[in-house]
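Only this structure's heavy atoms are used, side chains among them; waters, hydrogens and symmetry mates stay out. So that the names make sense, note that chain A is the first sequence line, chain B the second, and so on, each numbered from 1.
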There are 2 protein chains.
Amino acid sequence: MTGTLTPMHTRHRRYHHGDLRAALLSRAEETLREKGPAALSLRELARDLGVSHAAPSRHFKDKQALLDAMALTGFERLTGVLAASQDGAGETFSKRVDAMVRAYVGFARDNAELLDLMYSIKHDPGASDALLEATQHWSDLVVRLIGEGQARGDVREGPMERVGLPVFATLHGYADLAVTGMLPPEADEHGLDDVIAFILRGCAP
Amino acid sequence: MTGTLTPMHTRHRRYHHGDLRAALLSRAEETLREKGPAALSLRELARDLGVSHAAPSRHFKDKQALLDAMALTGFERLTGVLAASQDGAGETFSKRVDAMVRAYVGFARDNAELLDLMYSIKHDPGASDALLEATQHWSDLVVRLIGEGQARGDVREGPMERVGLPVFATLHGYADLAVTGMLPPEADEHGLDDVIAFILRGCAP
DNA sequence: ACCTGAACACCGTTCAAGT
DNA sequence: ACCTGAACACCGTTCAAGT
């Protein structure tokens, strides 16, 4: 008997406020970002959302299933950001590379813990098909960029997978260094420019 | 009353077989390699070694302290391998780069889970001084290699940190892709050669 | 010095039972 | 359909007490 007239919010205790699954995902990402992966606990998540500790199991059979779903949303957002970076990037190959590198490193900086999770989950063998597909989408973007560069004569000849792999490695490596805090302080100034120039030289015919 | 005459092994239960600390480290690395990081448990380690679950706390105040010590031995071994790769690598810059890249990727392949642990620990802010020093040693090796290349005229001018960072990023990124199984199958054939050639082009004056 | 045993507060997972 | 409550087997950590 709260005295309120809003029938949809009689109290904090109903069958939750609509979509427990989405609430779990969003709260989980929040605590991942704020307290790190070790602090992620199904029971604490349930407590935070005011449901019983067993409730999450209706939506995620496992803790691993929750982590998988988090990684999947991460990959989807990442590919969205990368695709968007190409839209207004201009014509030249070097501008398109510049835009993609900055988009990727930006995502890495803004979602460091999530990116770590994404890679660690991609790592283990039981990765879901949806997840493999999402990672495929994003490597396709790099492949397409390289292909365009070849068509313009800005990139050396060769199978795209072979030409693209070192680019991918450099991009991923720099982002990972940024994420894990291993970049020396001087890198903030010129690091990104240097890496982009390095990639362009490595690609040149 | 076992009837044996060897006084040092009256039974499996003494104050352990000499060095519990070393035994914990070596067993921990074994289970890390075989069952992954999630399976690492102080209690199970203690069980495996036939001591009580509280015994490890004499040698490692924390689970984190054990992980730190594991990472430290990993960094020491890695710098050893990298330094050794330069000894018989020959004179030319490209041969020295080739040797170091192969040594690093080889270590990454042979110690995938440990390398993951090493980076994740380097990540978090409470890293010990010994650990920071160990990572410093190994980035010094890359810096020295670049410096020699510059002295010979094989590497473009510029501050070594700036010239070396993209090299470091590429090396790290490729090793990480190899470790996390993200390399496409074709990469086994030419991947390493392509990456080395890419690095050399990126460094060239 | 080095280890044991009991205790405490926390997990993830499962399952009958409730609405 | 969705959630609760109790139960189980596991953790990490601490601390008096043993040798």
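Between the side chain of B:Q150 and the backbone N or O of B:G158, at least one donor-acceptor pair lies under 3.5 Å. No donor-acceptor pair closer than 3.5 Å links the side chain of A:Q86 to the backbone N or O of A:A99. Of the possible donor and acceptor atoms, none in the side chain of B:D176 sits under 3.5 Å from a partner among the backbone N and O of B:H172. No donor-acceptor distance shorter than 3.5 angstrom exists from the side chain of B:R33 to the backbone of B:L114, with no hydrogens or angles considered.
Across all strands shown, A:R47 has heavy atoms under 4.0 Å from sugar-phosphate atoms exclusively, and none from any base.
Of the candidate nucleotides D:dC3, C:dG5, C:dT14, D:dC3 has the atom nearest to the side chain of A:H59. Distance from the side chain of B:H53 is smallest to C:dG5 among C:dG5, C:dC15, D:dC3. With D:dG12, C:dC3, D:dT4 as the candidates, the nucleotide lying closest to the side chain of B:L20 is C:dC3. Which of D:dC11, D:dG12, D:dT4 sits closest to the side chain of B:E44 comes down to D:dC11. Checking C:dG12, C:dC3, D:dC3 against the side-chain heavy atoms of B:R58 singles out C:dC3 as nearest. Comparing atom distances between the A:D62 side chain and each of D:dC3, C:dT13, C:dT4 picks out C:dT13 as nearest.
For the pair A:D19 CG and D:dA1 P, the computed distance is 17 Å after rounding to whole Å. The CG-P distance, from A:L42 to C:dT13, rounds to 6 Å in whole Å. Atoms NZ (B:K63) and C1' (D:dC10) sit 12 Å apart, rounded to a whole Å. In this structure, CG of A:L45 is placed 13 Å from C1' of C:dG12, rounded to the nearest angstrom. Per the geometry, CG belonging to A:L49 stands 16 Å off P belonging to D:dC2, to the nearest Å. Taking atom CZ on A:R21 and atom P on D:dA1, their separation rounds to 18 Å, with Å as the unit. One can place CD of B:Q64 at 18 Å from P of D:dC11, the figure rounded to the nearest angstrom. With rounding to whole Å, B:K61 atom NZ is found 8 Å from D:dT13 atom P.
Under a cut-off of 6.0 angstrom, the local environment of CG in A:D129 is sparse, with at most 12 non-hydrogen atoms contributed by other residues, nucleotides or ligands. The local environment of CZ in A:R162 is crowded, with over 12 non-hydrogen atoms from other residues, nucleotides or ligands closer than 6.0 Å.
One N or O donor and one acceptor, one from the side chain of B:R43 and one from the base of D:dT13, sit under 3.5 Å apart.
Taking the side chain as every heavy atom from C-beta outward, A:L141 and A:M100 approach each other to under 4.5 Å.
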- Query: Which dot-bracket string describes DNA chain C (Watson-Crick N1-N3 plus N6-O4 or O6-N4, or G-U N1-O2 and O6-N3, all under 3.5 Å; [ ] crossing; | other strand)?
  - Reply: ||.|||||...|||||.||
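Phosphate contact (OP1/OP2 of D:dT14, side-chain N/O of B:S57, threshold under 4.0 Å): absent.
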